[in-house]
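Source: prediction; values computed, not measured. Values reported hereafter were calculated over all heavy atoms of this structure, with side chains retained and with hydrogens, waters and symmetry mates removed. For reference, positions follow the sequence shown, starting with 1.
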Amino acid sequence: MEVGYAQHTDGETADWDSAKLEKEGTHPVVYSSEGSHASYFEPALYLGRDPSEGVGCDNTQDPNTRVVPLPVLLPGQPSGPHSEFAWLAYDGNWGERHPGPNNGPAGPLSKPRWVSPVTWQENLRPASFVIPGGSKTPPDVVRTFCNVVGQGSGLYVRYAAHPAAVLAVLAAIALVLLFLLRRTLWDRVPPYPVVKRRRSGQIAWSAASLYRRFQPFWSSDCSRSRSACSRSSTSWCSRTCRSSDLPWAC
C-alpha cells in the first residue's frame with residue numbers, strides 16, 4: 001500500500017511501511033508548506049517546483065500548528081444542484097481572481113488526482129529535494145536564493161495588480177543605477193596596493209583582477225596554482241599554498 005502527497009502540480013509517494021512516513025496510530029502525518037498548499041512527509045526545507053510557476057522554497061519546519069481533520073467520504077458526482085456536495089460540480093476558479101499562476105485554483109473535478117487518482121499516483125516522485133541546512137541554518141547561497149524567489153514572487157503579484165506603478169518604480173531604479181554608473185570611473189588601475197583610494201568602477205576592476213590572479217587556489221589545476229604562487233612573494237600566498245591539499249609546496 002502506498003500514500004501519495006500532492007505538491008504543486010505533481011507530488012511524492014511513500015510505502016505505508018516506509019520510515020519517512022510518520023504515523024499517529026493508523027493516521028498518516030502531513031506537513032503542509034508555509035504559505036503554500038504543498039504537502040510533505042517530513043519537516044524540512046524543500047526545493048518546490050512547478051512547470052508553470054518555476055521554483056521556490058517550501059518550508060515545513062517549526063513552528064507548526066497541529067490540525068486533526070475530519071475525513072468525509074465524497075461522491076464521484078453530486079446528486080443534484082441542491083445536494084450538500086453540489087460544490088463539486090463548480091467548474092470556475094476558487095478564491096481571489098488574478099491573471100497568470102496567481103489565479104484561484106480550479107475545482108477538484110478538473111484535477112487528475114480526483115478523476116484518476118491511481119493513474120495520477122503512479123507518476124509521482126519517490127522523493128523530494130531537501131535543501132541542506134534547513135530553514136534554521138541554511139547556507140548563505142540558499143538563504144539568498146529563497147529571499148530572491150520570495151521577493152520576486154511578491155513583485156510579480158504587485159505587478160499583476162498594478163502593472164503601471166511597478167514599471168514606473170523599476171524605471172526610476174534603472175535611471176538611478178545608470179546615473180551612479182556614469183558618475184564613477186571604469187578605467188583599469190593596478191590592483192596593488194590593495195588598500196588604496198579608488199573610485200567604485202576602479203574597485204570593481206581591481207577586485208576582478210585579484211580574483212583572476214588567485215582563483216587557481218580554488219582549482220584542482222596544480223600547474224596553474226604553482227604558477228600563480230611563484231609570481232607572488234606575499235606571505236598570504238605562502239600560507240595559502242602550505243595549507244592546501246595540493247601535492248606541491250611553494
Side-chain angles (χ1 to χ4, degrees), residues 6-11 31-40 44-63 92-107 110-111 125 128-189 191 194 196-215 218:
Q7 301 165 1
H8 303 291
T9 55
D10 53 13
Y31 288 91
S32 181
S33 173
E34 178 184 8
S36 170
H37 56 266
S39 301
Y40 292 90
L45 184 65
Y46 296 92
L47 183 65
R49 47 203 185 276
D50 185 289
S52 62
E53 301 174 24
V55 297
C57 300
D58 283 340
N59 183 16
T60 63
Q61 295 182 313
D62 292 334
N93 291 87
W94 298 56
E96 189 175 359
R97 298 181 63 183
H98 279 288
N102 292 298
N103 198 17
S110 65
K111 303 291 195 301
R125 303 186 313 272
S128 296
F129 183 81
V130 177
I131 299 176
S135 62
K136 304 298 182 183
T137 57
D140 290 339
V141 65
V142 172
R143 183 183 295 107
T144 301
F145 170 77
C146 292
N147 290 337
V148 168
V149 170
Q151 294 295 330
S153 299
L155 179 63
Y156 176 77
V157 171
R158 288 189 288 271
Y159 172 78
H162 309 287
V166 172
L167 290 176
V169 171
L170 293 178
I173 294 175
L175 290 174
V176 171
L177 291 176
L178 181 62
F179 172 76
L180 294 176
L181 291 175
R182 291 176 63 87
R183 290 275 297 175
T184 188
L185 296 177
W186 292 94
D187 52 321
R188 295 175 181 270
V189 295
V194 175
K196 181 180 178 180
R197 188 175 183 85
R198 299 180 177 90
R199 301 295 292 270
S200 299
Q202 295 172 336
I203 292 176
W205 278 116
S206 298
S209 177
L210 286 172
Y211 175 80
R212 287 195 301 269
R213 179 170 299 183
F214 293 107
Q215 185 271 338
W218 290 272

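Smallest separation of non-hydrogen atoms from Asp187 and Trp205: O-CD1, 4.0 Å. When all heavy atoms are compared, the tightest approach of Ala44 to Val130 is CB-CG1, 4.0 Å. Among all heavy-atom pairs drawn from Asn93 and Ala106, the shortest one is ND2-N, 4.0 Å. The nearest pair of heavy atoms linking Ala38 to Ser36 is N-OG, 3.1 Å. Of all heavy-atom pairs between Gly107 and Ser110, the closest is O-OG, 2.8 Å. Scanning all heavy atoms of the two residues, the minimum distance from Val149 to Gly56 falls at CG1-CA, 3.7 Å.
Legend: residues meeting side-chain contact (heavy atoms from CB on, under 4.5 Å) with Ser209, ordered by chain and number and at least two apart, are Pro191, Arg212. The salt bridge (Lys or Arg N to Asp or Glu O under 4.0 Å) test applied to Arg199 returns no partner, not counting sequence neighbours.
Aromatic ring pairs are classed by plane angle as parallel below 30°, tilted from 30° to 60° and perpendicular above 60°; the pair Tyr40 and Tyr46 is parallel.
Counting only heavy atoms from C-beta outward, the side chains of His37 and His8 approach each other to under 4.5 Å.
Of the inter-residue distances, the one linking Ile203 atom CD1 with Lys196 atom NZ reads 11.5 Å to the nearest 0.5 angstrom. Rounded to the nearest 0.5 Å, atoms CD1 (Ile173) and CG (Leu178) are 13.5 Å apart. With values rounded to the nearest 0.5 angstrom, Gln61 atom CD is found 11.0 Å from Ser33 atom OG. One distance of note links SG of Cys146 with CG of Leu45; it measures 5.0 Å at 0.5 Å rounding. The distance from atom CG of Leu185 to atom CZ of Arg198, rounded to the nearest 0.5 Å, is 13.0 Å.
Between the Gln7 side chain and the Ser39 main chain, a donor and an acceptor come within less than 3.5 Å of each other.
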Counting only pairs under 3.5 Å, give me each side-chain donor-acceptor contact of residues 157-164, with atom names and distances, residues two or more places apart or in other chains.
none

